[in-house]
Amino acid sequence: MTIKNFATVPGLLSVLTALMLPMLPGSAIAGEDDDAIVTDRPDFVESSDVVGKGRFQIETSVAVERDKSNGFKLRTVSTPTLLRLGIAEDWELRVETDGRMRATADNQASGQRLRESGYADTAVGVKWHALDEEGARPSVGVLAHWELDTGSAPFRAPGKGGSLRVVAEWELPADMSLGVMPGVVRQRNDDGQRFTSGIFAVVLGKEWNDRLRTFVEYSAQQVAHARDGGSINTVDVGAAWLLSKSVQVDTAVARALNKNAPDWSWTVGLSLKF
């Protein structure tokens, strides 16, 4: 799984969590709802489901990227985190970030090492579960995010942006599933000029039992002209394991399919539903 380009200001997650938790009904916090957790990670394709009215979910992780580019060996460590609060049966509010970040660049020619630490930008948004699966019709979700340039200087995007994504999911025979996610992103390039890029990803999943699922995925996290950073394409594999109906652990690995994507990416995560 490659890192999504969002982040946060110091302490934002703890503040938001403290604000959100008192809004939840006692029965949800106590775990009396039997609905099993469904997450938007570790694959790039989001779930079409929402968390449910009055439910709160946190999906957090550690992610590592490694790349060799222009004579440098690059390594980035981040803490991608997603907060989800159900405001209706079919709607949820979302705050997403790559959290605390540390980037290291080793100059292979001179042996010099450069390091940057800080926080990335923050995205706020909503998800709408538009359709349930019925016959050949897929389960459909719609996601809209507004990306804020709130991060530390080394990781801050050159201006605010936004994205719109649609997710379609089908249950297949043999406990398999198919998910497709197209989308568009409006943002600024390094010169501060606005541009529109595309998103497309498709994931094939397999449920081995009530607790374990695995997936393989193709993701084009950015489809853009070279002047705007080019396209970023990866192939991803991973697994998620339910420790209980409200707790999930997961991991995923991504391999670059073109020069614009990091050579390798790896993540391990923990998700909790209240």
Side-chain angles (χ1 to χ4, degrees), residues 1-20 40-41 44-46 50 57-61 63 65 74 76-85 87 91-103 116-128 141-167 181-201 219-234 260-262 265 267:
M1 175 180 178
T2 52
I3 298 172
K4 299 179 182 179
N5 297 319
F6 305 114
T8 187
V9 295
L12 176 63
L13 291 179
S14 58
V15 172
L16 287 170
T17 301
L19 290 173
M20 286 178 166
D40 283 348
R41 56 166 298 112
F44 181 69
V45 175
E46 312 278 7
V50 293
Q57 192 161 302
I58 179 170
E59 303 175 17
T60 190
S61 61
E65 289 184 351
L74 308 173
T76 303
V77 180
S78 60
T79 54
T81 300
L82 170 64
L83 304 179
R84 305 169 62 184
L85 176 65
I87 57 174
W91 288 87
E92 68 180 33
L93 298 178
R94 300 159 63 84
V95 178
E96 190 167 13
T97 173
D98 271 350
R100 181 71 179 175
M101 300 188 70
R102 181 170 184 175
E116 297 280 6
S117 298
Y119 293 86
D121 297 328
T122 301
V124 296
V126 296
K127 182 196 278 191
W128 171 39
V142 180
L143 299 93
H145 284 91
W146 180 244
E147 299 165 28
L148 309 175
D149 51 350
T150 56
S152 305
F155 306 107
R156 186 183 306 146
K160 301 176 179 64
S163 65
L164 180 66
R165 289 164 284 170
V166 178
V167 184
M181 186 177 73
V184 293
V185 181
R186 184 70 172 168
Q187 55 192 317
R188 294 183 185 270
N189 60 22
D190 291 338
D191 297 324
Q193 298 175 326
R194 287 197 175 277
F195 73 96
T196 300
S197 61
I199 293 173
F200 180 78
S219 65
Q221 298 188 30
Q222 177 170 289
V223 182
H225 293 292
R227 66 176 180 270
D228 298 320
S231 296
I232 300 174
N233 302 318
T234 66
N260 296 318
S265 303
T267 185

Which heavy atom of [X] sits nearest to which heavy atom of [Y], and what is that distance?
X      : Y      : value
Gln222 : Asp228 : NE2-O, 3.4 Å
Leu82  : Glu96  : CD1-CB, 3.9 Å
Arg188 : Gly159 : CD-CA, 3.8 Å
Arg102 : Ser117 : CG-OG, 3.6 Å
Gln187 : Ser197 : NE2-OG, 3.4 Å
Glu116 : Pro154 : OE1-CG, 3.4 Å

(request) Decide yes or no on side-chain contact (heavy atoms from CB on, under 4.5 Å) for Leu83 and Thr97, but give the supporting numbers first. (result) CA-CA 9 Å; Leu83 304 179; Thr97 173; over 6 Å; no

(request) Please determine, by modelled atom types, if Thr234 and Ser219 share a side-chain donor-acceptor pair under 3.5 angstrom. (result) yes

(request) Report yes or no: is the cationic atom of Arg186 (NZ for Lys, CZ for Arg) under 6.0 Å from the centre of the six-membered ring of Phe195, at an angle within 45° of the ring normal? (result) no

(request) Drop me the distance from Gln57's CD to Asp40's CG, to the nearest 0.5 angstrom. (result) 8.0 Å

(request) Starting at CE of Met181, measure out to CD1 of Ile199 and round the result to the nearest 0.5 Å. (result) 5.5 Å

Look only at the side chain of [X] and the backbone of [Y], and say whether a donor-acceptor pair between them is shorter than 3.5 Å.
X      : Y      : value
Ser61  : Pro80  : yes
Thr81  : Thr79  : yes
Asp191 : Gln193 : no
Ser152 : Tyr119 : yes
Asp149 : Arg156 : no

(request) Determine the sole option in Arg84, Lys127, Arg94 for which the salt bridge (Lys or Arg N to Asp or Glu O under 4.0 Å) test with Glu46 is passed. (result) Arg94

(request) In sequence, state the C-alpha distance, the side-chain angles, and the governing distance for Val126 and Leu143, and then conclude on side-chain contact (heavy atoms from CB on, under 4.5 Å). (result) CA-CA 6 Å; Val126 296; Leu143 299 93; over 6 Å; no

(message) Please determine whether the number of non-hydrogen atoms from other residues, nucleotides or ligands lying under 6.0 Å from atom CG of Asp190 exceeds 12.
(response) no

(request) Please tell me if the side chains of Thr196 and Val185 come closer than 4.5 Å, counting only heavy atoms from C-beta onward. (result) no

(request) Begin with the C-alpha distance, continue with both residues' side-chain angles, and end with the deciding distance and a verdict on side-chain contact (heavy atoms from CB on, under 4.5 Å) for Met101 and Thr76. (result) CA-CA 7 Å; Met101 300 188 70; Thr76 303; 3.8 Å; yes

